[in-house]
Amino acid sequence: MTLTSRTIQTSRLQTAVLERPATGEARRRLLLVHGNVSSGEFFRDLMDSLPGDIHAVAPDLRGYGDTEARPIDATRGLRDWADDVLALLDALEWEGAHLLGWSMGGGVVMQVALSAPERANSLTLVAPVSPYGFGGTHGENGTPNAPDFAGSGAGRSMRPSSH
């Protein structure tokens, strides 16, 4: 099946998507969410190799690829992107979908599942972000490594010093 690119107007913004319709009747719907410094194009080869009964859509997240750039409210964590994904599901008229998230996209689909669990038929996480960020915390409760929650940087232990 041929992949197509198009822009979909959602209730939140214009979202660019790479789409691979199912051949025949679509029995499964798959939404593929990319990571940081990427776009839906990341999933092109995967989409080409999917079984024919899967309708797959890979959006460019807000501010990436050809999707409209709008500010992100960082105090909401990944919720702006998750809300954008839910608005895309609405625009596609998909009540639910199987969600696959890579890297930052893993965090986005986890937030979708937390915000609207009835919309997530399944979650597949590929090297997802930590729910507590990139090295600024440790432990199951997200205890900060430093008072300002700063990340660890490269080559440094993730645990606070015992000195």
Side-chain angles (χ1 to χ4, degrees), residues 1-137 151-152 154:
M1 194 62 165
T2 304
L3 298 178
T4 59
S5 296
R6 66 180 175 126
T7 300
I8 298 173
Q9 180 64 54
T10 74
S11 61
R12 295 177 56 82
L13 72 164
Q14 290 185 356
T15 302
V17 301
L18 184 62
E19 186 170 20
R20 205 293 309 265
T23 54
E25 184 178 335
R27 287 182 271 169
R28 294 179 280 178
R29 293 176 171 150
L30 174 63
L31 193 76
L32 303 158
V33 182
H34 66 81
N36 194 22
V37 194
S38 188
S39 72
E41 282 290 324
F42 177 81
F43 295 108
R44 181 176 284 278
D45 290 341
L46 172 63
M47 292 171 82
D48 276 334
S49 66
L50 291 171
D53 68 333
I54 296 175
H55 184 168
V57 172
D60 294 347
L61 292 175
R62 174 190 299 228
Y64 292 92
D66 292 325
T67 289
E68 184 177 356
R70 291 220 177 151
I72 293 286
D73 180 355
T75 65
R76 298 186 71 228
L78 299 172
R79 285 182 183 89
D80 277 335
W81 283 309
D83 290 348
D84 293 346
V85 166
L86 288 166
L88 176 61
L89 291 176
D90 290 343
L92 291 167
E93 298 181 349
W94 289 7
E95 286 187 30
H98 299 279
L99 306 175
L100 182 147
W102 165 64
S103 188
M104 181 185 74
V108 173
V109 300
M110 284 189 276
Q111 185 59 59
V112 168
L114 288 169
S115 298
E118 71 283 0
R119 307 288 301 268
N121 296 341
S122 68
L123 287 180
T124 301
L125 305 174
V126 181
V129 297
S130 162
Y132 298 113
F134 294 103
T137 63
S152 65

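The figures that follow rest on heavy atoms only: side chains count, while hydrogens, waters and symmetry mates do not.
Side-chain contact between T10 and D84: absent, with no pair of heavy atoms (C-beta onward) separated by less than 4.5 Å. Side-chain contact check for L32 versus F42: every heavy-atom pair is 4.5 Å or farther apart. Here the side chains of L92 and I8 are in contact, with some heavy-atom distance below 4.5 Å. The side-chain heavy atoms of V108 and Q111, taken from C-beta on, include no pair separated by under 4.5 Å. Side-chain atoms of M104 and L61, non-hydrogen and from C-beta on, do get closer than 4.5 Å to each other. In this structure, N121 and R28 have side chains that are not in contact, with every pair of non-hydrogen atoms separated by 4.5 Å or more.
Counted within 6.0 Å of CD on E95, heavy atoms from surrounding residues, nucleotides or ligands total 12 or fewer; the atom is thus considered open. Within a 6.0 Å radius of CG in D66, no more than 12 heavy atoms belonging to other residues, nucleotides or ligands are found. Environment of CZ in R76: crowded, with over 12 heavy atoms of neighbouring residues, nucleotides or ligands closer than 6.0 Å.
Counting all heavy atoms, side chain and backbone alike, S5 lies closest to L18 at OG-CD1, 3.7 Å. For D60 against G65, the heavy-atom pair with the smallest separation is OD2-CA, 3.4 Å. Of all heavy-atom pairs spanning L50 and A56, the tightest one is CD1-CB, 3.7 Å. Nearest heavy-atom pair, S11 versus A87, reported as atom, atom and distance to 0.1 Å: OG-CB, 3.7 Å. In plain terms, the two heavy atoms of A120 and A113 that are nearest each other are CB-CB, 4.1 Å. Residues T2 and P21 come closest through the heavy atom pair O-CD, 3.9 Å.
Rounding to the nearest 0.5 Å places CZ of R44 at 7.0 Å from CG of D48. Taken from OG1 in T15 to CZ in R62, the straight-line distance is 8.5 Å, to the nearest 0.5 Å.
The side chain to side chain donor-acceptor pair (under 3.5 Å) test applied to S122 returns H98, not counting sequence neighbours.
Between L100 and the choices T124, L31, V109, the side chain to side chain contact (heavy atoms under 4.5 Å, CB included) rule is met once, by T124. If you run side chain to side chain contact (heavy atoms under 4.5 Å, CB included) between M47 and each of L30, V57, L3, only L3 comes through.
Within the 3.5 Å criterion, the main-chain N or O of Q14 finds a donor-acceptor partner in the side chain of E68. The backbone N or O of V112 lies less than 3.5 Å from no partner atom in the side chain of S115, so there is not a single donor-acceptor pair. Counting only distance, with no hydrogens or angles, the side chain of R70 and the backbone of R12 share a donor-acceptor pair below 3.5 Å. Proximity of a side-chain donor or acceptor of R20 to a complementary backbone N or O of I54 within less than 3.5 Å is detected. In this structure a side-chain-to-backbone donor-acceptor pair under 3.5 Å is present from T67 to A16.
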With salt bridge (charged side-chain N to carboxylate O under 4.0 Å, His left out) as the criterion, how do D90 and R119 come out once you've worked through the C-alpha distance, each side chain's angles and the decisive distance to 0.1 Å?
CA-CA 10 Å; D90 290 343; R119 307 288 301 268; 2.9 Å; yes
Output, in order, the C-alpha distance, side-chain angles, deciding distance and verdict of salt bridge (charged side-chain N to carboxylate O under 4.0 Å, His left out) for R79 and D73. CA-CA 8 Å; R79 285 182 183 89; D73 180 355; over 6 Å; no
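For residues 29-39, every residue pair satisfying the side chain to side chain donor-acceptor pair (under 3.5 Å) rule, not counting sequence neighbours, is listed here: N36-Y64.
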